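Lettering of chains follows the sequences in order, A, B, ..., and the numbering in each one begins at 1. Treat the numbers as computed from the prediction; the structure is a model and nothing was measured.
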Amino acid sequence: MTQTSPMPPLLGEATLLPSLTAAAPHHVLRALHAHLLVSGRLASPPHLAAFLASLASSGHLAYARLVLPRRPATLLAHNALLRALARGPRPGLAFAAFRDLPLPPDHYSLSFLVRAAAALAAAPAAAGERPVRTEASARRLLVAVSAHGAAVRRGHAADPHVQSGVVSMYAALGDAAGARAAFAEITCPDVVCVTAMVGALSAGGDVDAARDLFDEMPLRDHVAWNAMIAGYVHVGRTREALRLFDEMQSAGAAIGEATLVSVLTACAQMGALDRGKWVHWYMRSHGMRMSVMLGTALVDMYSKCGVVATAMEVFESMGERNVYTWTSAVSGLAMNGMGLECLELFKRMESSGVQPNGVTFVAVLRGCSMAGLVDEGRTCFDSMKDKHGIDPWLEHYGCMVDLYGRAGRLDDAINFINGMPVEPHEGVWGALVNASRIHNNVELGKHALDKLLQIESENDAAHVLLSNIYAVTQNWKGVSRVRGMMKAKGVKKVPGWSAIEVDGKVHEFFVGGKSHPRYKEIEMMLAEMSRRLRLQGYAANTKEVLFDIEEEEKEDAISLHSEKLALAFGLIALPEDVEIRIVKNLRVCKDCHDYTKLISKVFDREIITRDRNRFHHFKDGTCSCKDYW
DNA sequence: CTAGGGTTAG
C-alpha cells in the first residue's frame with residue numbers, strides 16, 4: 001500500500017461512511033475506531049456521529065459512552081446516538097441519553113425522542129409475557145406524554161418531523177383520541193403528517209375516516225397509498241384493499257416492497273391464490289429482491305391458499321429468515337394437517353439459532369394436535385418454559401386441552417385444566433367443547449359450554465351448539481330457553497359465507513344467496529350433484545352424530561350452506577383439470593364435509609377447503625383431515 | 001444526521 005495522500009487508503013470516503021452507520025462485530029468496530037483515530041477523522045463531527053451510531057446499533061453502548069465524552073460535545077454526535085438508540089432494541093435508552101445531553105436539544109433531538117417513545121409503545125411485550133394491559137402500558141403512555149411535553153417545552157412541537165412522530169406515537173399506543181388531538185394542532189400538515197394520521201385512524205379501526213382523509217389529500221405519494229391499503233387489510237376489508245391497489249397502479253405510484261407485502265396479506269386472508277401468484281410473478285419480473293418480509297408474506301400466502309409445497313419452496317429459497325418466517329412456515333404445515341413435517345421444521349428452527357416465540361409455540365402445538373401427536377405436543381409445551389424460558393399463555397393452555405381432547409383423552413384434558421395455574425379462559429373451554437363434540441360426550445359438552453357462556457355470554461357459536469345439543473337429545477324446552485337467551489342478549493349468528501376464485505376474481509356466496517348472475521346454472525348443477533350423490537347412496541345426515549357444529553345458519557331446512565353453492569359454482573366455472581379451492585369463514589359442518597368428500601369422488605375433482613381453523617384436502621372420497629377436525 | 005407505510009397465531 002503506497003501512501004500518497006494524508007488519508008490512509010485503507011477505507012475511502014465512499015466506503016467509510018456507509019460502513020460506519022451499519023451494525024458490525026466488535027473487532028470491526030475496533031478497527032474502525034483505530035482507523036478514525038489515526039486518520040484524525042474522529043475529530044470530524046459527521047464521522048464521529050456515524051461511528052457512534054454504528055456502536056449503538058451494534059449494541060456496544062458502553063463503548064459509545066466511552067468515546068463520546070472525550071470529544072467536544074456537538075449536537076450532531078449526540079443526536080446520532082439518540083437516533084441509533086431510538087431505532088435499537090431498547091428504545092428506552094434514548095430517554096436516559098436525552099436526559100444527559102450536555103447541550104440544549106434541538107428539533108432533531110426531539111424527533112428522535114418521540115420516535116423512541118413510539119417504538120417503546122409498539123414494542124411487543126417481553127418474551128413470554130402475554131400481551132395485556134398492565135402497568136407497563138400505563139408507563140408507556142406516561143413516557144409518550146412526557147416526550148410530547150418535552151417537545152412542546154423546548155419549542156419544537158411545530159416541527160413537521162416532530163409532529164408526524166407524535167401522531168404515530170399516539171397511534172402506536174392505541175390512543176386514537178391522542179392522535180386526533182395532536183393532528184388537530186397541526187396548522188398545515190404535510191403529506192407525511194397526513195399519512196401518519198391515516199395510519200393512526202386505521203390502527204384505531206376507523207378505516208372509513210382514514211379513507212376520507214386519504215381522499216382529501218392534495219398529493220398522495222406511494223407511502224400514503226401503502227398506509228391506506230394496509231389500513232384496509234388490517235380490518236379485514238381485503239377486497240377494498242385490492243381495489244385500492246389497482247387504483248394505485250393506475251395512478252402510477254411506485255409499487256414497492258411494503259405495498260406487495262400488504263397485497264400478499266390480503267390475498268392470504270381471502271385465499272386469492274391467482275392474485276397471490278401474480279404478485280410473486282410481479283416480484284420476479286421486476287427483479288425485486290426476496291427480502292425477509294416479502295418472503296415471509298409469500299410463505300404465508302401460499303400456506304393460507306393451501307399450496308404448502310410452494311410455500312416450502314419459497315421458504316427454502318430464502319437466504320435470511322427471522323421468527324416470522326419460521327413461524328409462518330411452521331403454522332402453514334400445521335393448518336394443512338402436516339403434523340410430522342411441522343414438528344420436524346420446528347426442530348430445524350431450534351437448531352437454526354432463531355429463537356421461537358409464543359406465537360411459534362401456538363403454531364407447533366396446533367400442528368401436533370391436528371395430527372394427534374400427543375406426547376410430542378406435551379414435550380413441546382414443557383420445553384417452552386424449560387428450554388426457551390417462555391411462560392405459557394392462555395392460548396397454549398387451550399392448545400394443550402385441544403391436544404388431549406382431540407385424541408380422545410378427555411380425562412387428561414380435564415386434569416390439565418384442573419392443574420392450570422391460572423383461570424381457564426374461553427379458548428380452554430372452547431377446546432373442551434370441541435373435544436366433547438368430536439367424541440360425542442354430551443354431558444361434558446354441556447358442562448364446558450356452561451363455563452364458556454359464563455365467560456363469553458355473547459358467544460354465538462356456543463349458543464348454537466348448546467341449542468343443537470338440546471335439539472338432538474329432544475330437549476325442546478332447552479332449545480327454546482337458549483333461543484330466548486340469544487334473543488334477550490341480542491346474540492346473532494355470524495353470517496356464513498364461502499368464497500371461490502375464478503380467473504382472479506373472488507366470488508362470494510351466502511346461505512340461500514341467489515344473487516349470483518349465474519344462479520340458474522348453479523341451481524341446475526346442485527340438482528345434478530344431488531342426483532349423482534343419491535346414486536352413490538348419500539343421504540343428508542346429521543342423525544348419527546350427537547351434536548354437530550352447524551355454525552352456519554340455514555334459512556330453512558332446504559337451503560344450503562354457502563359452501564355447497566361455492567362448490568357447485570366451482571364445478572361449473574373451473575376447467576376440469578383444475579382443483580377447486582374454497583375459503584369459508586366458519587367451520588365445515590359434518591354434512592358438508594361428507595358431501596364434499598363424495599363429490600370429490602363422483603366428479604373426480606380435487607377440492608381444497610379452508611375453514612376457520614384448517615385446511616381440508618378432499619380427493620377420491622377422502623379428506624386429509626381424516627374426518628378429524 | 002430527522003418524519004409517514006409492511007411479515008407469524010387466535
Colleague: Check the distance between dT7(B)'s P and N322(A)'s CG and give it to me in whole angstrom.
Modeller: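 Whole-Å distance recorded here is 12 Å.
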Colleague: Applying a 4.0 Å non-hydrogen cut-off, can you work out what T265(A) is touching in the nucleic acid: base, sugar-phosphate, or nothing?
Modeller: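 Sugar-phosphate only.
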Colleague: Any side-chain N or O of R115(A) below 4.0 angstrom from OP1/OP2 of dG4(B)?
Modeller: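 Checking R115(A) against dG4(B): at least one side-chain N or O falls below 4.0 Å of OP1 or OP2.
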Colleague: Measuring from atom CD of Q269(A) to atom CG of L242(A), what distance do you get when rounded to the nearest 0.5 angstrom?
Modeller: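 Output value for this atom pair is 10.0 Å.
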Colleague: If you check the H107(A) side chain, which of dT2(B), dC1(B), dT8(B) turns out closest?
Modeller: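 Selected nucleotide (nearest to the side chain): dT2(B).
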Colleague: Give the rounded distance in Å between these two atoms: CD1 of I390(A) and C1' of dT8(B).
Modeller: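 About 13 Å, once rounded to whole Å.
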Colleague: dC1(B) C1' sits how many Å from L113(A) CG, rounded?
Modeller: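 My rounded result for the distance is 16 Å.
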Colleague: Could you state the CG-P distance from N613(A) to dA9(B), rounded to the nearest angstrom?
Modeller: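 Atom CG in N613(A) sits about 13 Å away from atom P in dA9(B).
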Colleague: Does any pair with a residue in residues 221-240 of chain A pass salt bridge (Lys or Arg N to Asp or Glu O under 4.0 Å), and if so which ones, sequence neighbours excluded?
Modeller: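 Residue pairs passing salt bridge (Lys or Arg N to Asp or Glu O under 4.0 Å), neighbours aside: D208(A)-R237(A), R237(A)-E240(A), R239(A)-E508(A).
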Colleague: How would you label the contact of V191(A) with the nucleic acid (heavy atoms, under 4.0 Å): base, sugar-phosphate, or nothing?
Modeller: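 Here V191(A) touches the bases of the nucleic acid.
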Colleague: What's A230(A) touching, base or sugar-phosphate or nothing? Going by heavy atoms closer than 4.0 Å.
Modeller: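 A230(A): backbone/sugar contact only, no base atoms under 4.0 Å.
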Colleague: What's the CG-P distance between L110(A) and dC1(B), to the nearest Å?
Modeller: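 So the two atoms are 19 Å apart, to the nearest Å.
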Colleague: Y324(A) stacking on dT8(B): centroids under 5.5 Å, ring planes under 30°?
Modeller: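 It does not: the ring fails the test against the base of dT8(B).
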Colleague: Applying a 4.0 Å non-hydrogen cut-off, can you work out what A258(A) is touching in the nucleic acid: base, sugar-phosphate, or nothing?
Modeller: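 Result for A258(A) = base.
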Colleague: Is E423(A) atom CD crowded by more than 12 heavy atoms from other residues, nucleotides or ligands, each under 6.0 Å away?
Modeller: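 Check fails, neighbour count at 12 or below.
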Colleague: Looking only at the side chain of V359(A) (C-beta and beyond, no hydrogens), which of the listed nucleotides dC1(B), dA9(B), dG4(B) gets closest?
Modeller: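 The answer is dA9(B).
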Colleague: Can a side-chain donor-acceptor contact be found between R243(A) and Y232(A) if the only test is distance below 3.5 angstrom?
Modeller: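 No - no donor-acceptor pair under 3.5 Å links their side chains.
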Colleague: Using a 5.5 Å cut-off between ring centres and planes within 30 degrees, is Y108(A) stacked on the base of dC1(B)?
Modeller: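 Stacked: ring centres under 5.5 Å, planes under 30°.
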Colleague: Will you find, in the side chains of N79(A) and D106(A), an N or O donor that is under 3.5 Å from an N or O acceptor?
Modeller: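 The criterion, which ignores hydrogens and geometry beyond distance, is satisfied for D106(A) and N79(A).
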Colleague: Can you find a donor-acceptor N/O pair under 3.5 angstrom joining the side chain of T195(A) to the base of dG4(B)?
Modeller: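 When only heavy-atom distances are counted, T195(A) does reach the base of dG4(B) through a donor-acceptor pair under 3.5 Å.
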Colleague: Given dG10(B), is OP1 or OP2 found less than 4.0 Å from the side-chain N or O atoms of R366(A)?
Modeller: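 Yes.
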Colleague: With F381(A), which residues qualify under ring-ring contact (aromatic ring centres under 6.0 Å, His included), at least two apart?
Modeller: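 For F381(A) the ring-ring contact (aromatic ring centres under 6.0 Å, His included) partners, ignoring immediate neighbours, are Y397(A), F416(A).
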Colleague: Looking at the side chain of S331(A), which of dG6(B), dA3(B), dA9(B) is the nearest nucleotide?
Modeller: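 In terms of side-chain proximity for S331(A), the closest of dG6(B), dA3(B), dA9(B) is dA9(B).
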Colleague: Rounding to an integer number of Å, can you tell me how far M290(A) CE sits from dG6(B) C1'?
Modeller: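 Going from M290(A) (CE) to dG6(B) (C1'), I get 16 Å.
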Colleague: Measuring to OP1 and OP2 of dA9(B), would you say a side-chain N or O of K304(A) lies under 4.0 angstrom away?
Modeller: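 Checking dA9(B) against K304(A), a side-chain N or O does come within under 4.0 Å of OP1 or OP2.
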Colleague: Could you give the CE-to-P distance, from M349(A) to dT8(B), as a whole number of Å?
Modeller: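 Atom-to-atom, M349(A) to dT8(B), this comes out as 14 Å.
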Colleague: Rounded to the Å, how far apart are D159(A) CG and dC1(B) P?
Modeller: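 After rounding, the reported distance stands at 15 Å.
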Colleague: Out of dG4(B), dT2(B), dT7(B), which nucleotide sits closest to the side chain of V192(A)?
Modeller: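 Per side-chain heavy atoms of V192(A), the pick is dG4(B).
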Colleague: Record whether the side chain of S328(A) comes under 3.5 Å of the base of dT8(B) through a donor-acceptor pair of N or O atoms.
Modeller: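 Such a pair does not exist between side chain and base.
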Colleague: Check every strand shown and say whether S262(A) touches a base, only sugar-phosphate, or nothing at a heavy-atom separation below 4.0 Å.
Modeller: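 Result for S262(A) = sugar-phosphate.
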Colleague: Please classify the nucleic acid contact of D300(A) as base, sugar-phosphate, or nothing, using heavy-atom distances under 4.0 Å.
Modeller: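 Here D300(A) touches the backbone only, sparing every base.
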